[in-house]
Amino acid sequence: MKPIKVKEDIYRLGSVDWDRRIFDALIPLPDGTSYNAYLIKGSEKTALIDTDEPEFKEEFMSQLEGVEKLDYLVSLHAEQDHSGCIPYVLEKYPEAKLIVTPRCKGMEIDLLHVPEDRFITVEDGETLSLGNKTLKFIHTPWVHWPETMSAYLEEDKVLFSCDFFGSHLAVSDLFVTDKARTYEAAKRYYAEIMMPFRKIISKNLQKVLAYDIDMIAPSHGPIYREPELIIEAHKEWVDAPPKNLVVIPYISMHSSTKLMVDRLVETLVKRGVIVEQFNLEVTDLGKLAMMLVDAATIVVASPTVLGGPHPAAVYAAYLANALKPKAKFVSIMGSYGWGERTVPVISGLIKDLKVEVIEPVTVKGAPTEETYEAIDRLAESIAAKHKEAGIA
Ligand SMILES: Cc1cc2nc3c(=O)[nH]c(=O)nc-3n(C[C@H](O)[C@H](O)[C@H](O)COP(=O)(O)O)c2cc1C
Ligand SMILES: [Fe+2]
Ligand SMILES: [Fe+2]
């Protein structure tokens with residue numbers, strides 16, 4: 001890819017990773033991703049914001065061939081998908097200073113072995129003049145790591161937000177064209193990267209929204225020329241109450257647990273509750289995470305296998321606990337052969353969720369009429385609790 005002009009004297013560099021299918025060895029990426037860096041040519045100084053995933057070193061360094069002098073390399077976030085090419089850029093430009101938050105400095109010494117004398121640290125709200133353009137640094141911790149900041153280009157009203165507002169989407173477009181597709185990719189991204197830090201994300205959202213923003217240039221996915229799209233989406237994902245939605249991650253070896261899930265879904269739907277069920281044998285965990293952004297209730301369903309829940313259910317419950325969604329209620333279901341172990345183990349795995357646990361339903365063997373009645377009571381209880389909590 002060649003550098004692409006974003007605005008006068010602002011260029012997008014970086015790479016589109018069409019083929020990447022997993023991120024952080026954790027997150028499925030059905031639509032690939034991109035790593036965006038930005039070159040800003042001020043009347044006196046030139047700055048580069050972020051670099052590239054090290055795998056794309058050659059492509060990235062070739063994009064800098066026409067840039068004779070680089071004064072500042074601004075690193076918004078120490079994760080290697082943006083910081084990985086910093087050592088090569090610093091080697092090419094021995095005069096360039098690396099601009100980071102104080103916390104980022106330590107992390108980049110640890111992660112990339114950058115020499116201490118290359119850094120300039122900036123405090124929250126500090127500015128850097130490039131002549132006719134001024135960068136203002138806004139500390140935005142936990143989007144995505146504790147050291148992260150955003151940069152606001154005052155004259156152009158562009159917010160360089162790094163992982164914040166990003167989307168895992170490989171597209172050839174510089175700017176958002178397909179809004180629905182971008183929304184979905186950004187929600188997947190938010191669910192996995194930002195949701196665990198929702199409280200602090202909320203504060204950071206307010207902090208950056210205090211600025212007059214014409215354009216948001218994130219480090220993954222297309223640039224937002226109409227930032228309302230992603231700002232409104234974040235306000236809802238971060239701050240709005242959960243929806244009248246039950247998410248059911250489940251697994252079943254011989255259909256007993258599956259029959260229980262079918263009955264729960266049927267009764268919930270009759271009661272006007274929306275349901276998303278995920279068979280963990282085949283599901284994309286990113287999709288499950290996305291649905292957890294809005295769910296008011298989570299029901300994990302698993303048979304007992306080798307003295308505990310099925311390992312796939314353990315993984316899903318552990319992941320849900322780590323992602324800390326805004327759900328208010330949880331329940332558990334499952335079939336067992338001789339000694340039920342799903343409920344105690346799953347309960348122990350979701351201790352960080354601030355939820356009310358609704359009476360689980362288990363059965364020895366295949367579900368009976370009694371089991372179905374208990375499941376109907378669970379569904380009614382969920383519907384009633386949603387109503388009581390004012391969840392529409
Ligand atoms: C590999 C395997 C291991 C199992 N281990 C246990 C166990 O440790 N404790 C138990 O009560 N049942 C155990 N069972 C029995 C299942 O829990 C029981 O068959 C249950 O009804 C399966 O539900 P499903 O039809 O939803 O898969 C095991 C079954 C299989 C196939
Ligand atoms: Fe990151
Ligand atoms: Fe990233």
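Note that ligands are numbered from 1 as they come in the structure, with each ligand's atoms numbered from 1 the same way. Computation of the quantities below employed the complete heavy-atom set of this structure, encompassing side-chain atoms and omitting hydrogens, waters and symmetry-equivalent molecules.
When distances from the Fe ion (ligand 3) to the N, O or S atoms of D163 are compared, OD1 comes out shortest. Residue-level check: among N/O/S atoms of E79, OE1 sits closest to the Fe ion (ligand 2). Considering just the N/O/S atoms of H82, the one nearest the Fe ion (ligand 3) carries the name NE2. Looking at D81, its N, O or S atom nearest to the Fe ion (ligand 3) turns out to be OD2.
No salt bridge links D81 with R20; every basic N to acidic carboxylate O contact stays at or beyond 4.0 Å. A salt bridge does not link K7 with E155: none of the charged nitrogens is closer than 4.0 Å to a carboxylate oxygen. Salt bridge annotation for K179-E226: present, with a cationic side-chain nitrogen under 4.0 angstrom from a carboxylate oxygen. In this structure, K326 does not pair ionically with D239, as no charged nitrogen and carboxylate oxygen lie closer than 4.0 Å. For K69 and D71, the salt-bridge test passes: some basic side-chain N is under 4.0 Å from an acidic carboxylate O. For E116 and K105, the salt-bridge test passes: some basic side-chain N is under 4.0 Å from an acidic carboxylate O.
Residue G339 approaches ligand 1 through these ligand atoms, each under 4.0 Å from one of its heavy atoms: 9 (N), 10 (C), 11 (O). Counting the atoms of ligand 1 from 1 in the order shown, those under 4.0 Å from a heavy atom of M253 are 24 (P), 26 (O), 27 (O), 29 (C), 30 (C), 31 (C). Within ligand 1, the atoms closer than 4.0 Å to a non-hydrogen atom of L306 are 3 (C), 4 (C), 5 (N), 6 (C), 7 (C), 8 (O), numbered from 1 in the order shown. Near G337, with a cut-off below 4.0 Å to any heavy atom, the atoms of ligand 1 are 10 (C), 11 (O), 12 (N), 15 (C), 16 (C), 17 (O), 18 (C). The contact set between ligand 1 and T257, taken as ligand atoms under 4.0 Å from a residue heavy atom, comprises 23 (O), 24 (P), 26 (O). Atoms of ligand 1 found under 4.0 Å from any heavy atom of S252 (numbered from 1 in listed order, with element): 24 (P), 25 (O), 26 (O), 27 (O).
Looking at W338, Y336, Y250, it is W338 that brings a heavy atom closest to atom 7 (C) of ligand 1.
Residue K258 has no nitrogen or oxygen atom sitting less than 3.5 Å from a nitrogen or oxygen atom of ligand 1, judged on distance alone. Residue contacts with ligand 1: S256 is placed with a nitrogen or oxygen under 3.5 Å of a nitrogen or oxygen of the ligand (distance criterion only). Close N/O approach between G307 and ligand 1 is found [any backbone or side-chain N/O within under 3.5 Å].
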*Taking it one step at a time, do T33 and D17 satisfy side chain to side chain donor-acceptor pair (under 3.5 Å)?*
CA-CA 5 Å; T33 192; D17 199 345; over 6 Å; no

*Applying salt bridge (charged side-chain N to carboxylate O under 4.0 Å, His left out), run through E44 and K133 and close with a yes or a no.*
CA-CA 9 Å; E44 288 166 26; K133 291 185 191 284; over 6 Å; no

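Y72 does not carry K97 over the face of its six-membered ring by the limits of under 6.0 Å from the centre and within 45° of the normal. Because its NZ or CZ atom is both nearer than 6.0 Å to the ring centre of F175 and within 45° of the ring axis, R225 counts as a cation-pi partner of that residue.
Inside a 4.0 Å radius of atom 19 (O) of ligand 1 there is not any protein heavy atom.
The nearest heavy-atom contact from the protein to atom 21 (O) of ligand 1 is S335 OG, 2.5 Å. Of the protein's non-hydrogen atoms, the one nearest atom 16 (C) of ligand 1 is T304 O, 3.4 Å. Nearest non-hydrogen protein atom to atom 1 (C) of ligand 1 is V305 CG1, 4.0 Å. Counting only heavy atoms of the protein, atom 22 (C) of ligand 1 lies nearest to P303 CB, 3.6 Å.
Contacts of A366 with ligand 1, taken as heavy-atom pairs under 4.0 Å, are absent altogether.
Between the ND1 atom of H144 and the NE2 atom of H77, the angle taken at the Fe ion (ligand 2) works out to 100° after rounding to 10°.
Neither side chain, T51 nor H82, offers a donor N or O lying under 3.5 Å from an acceptor on the other.
Of the candidates Y224, W237, F165, Y190, Y183 forms a ring-ring contact (aromatic ring centres under 6.0 Å, His included) with just one, namely W237.
In this structure the side chain of T297 never reaches within 4.5 angstrom of the side chain of V330, judged on heavy atoms.
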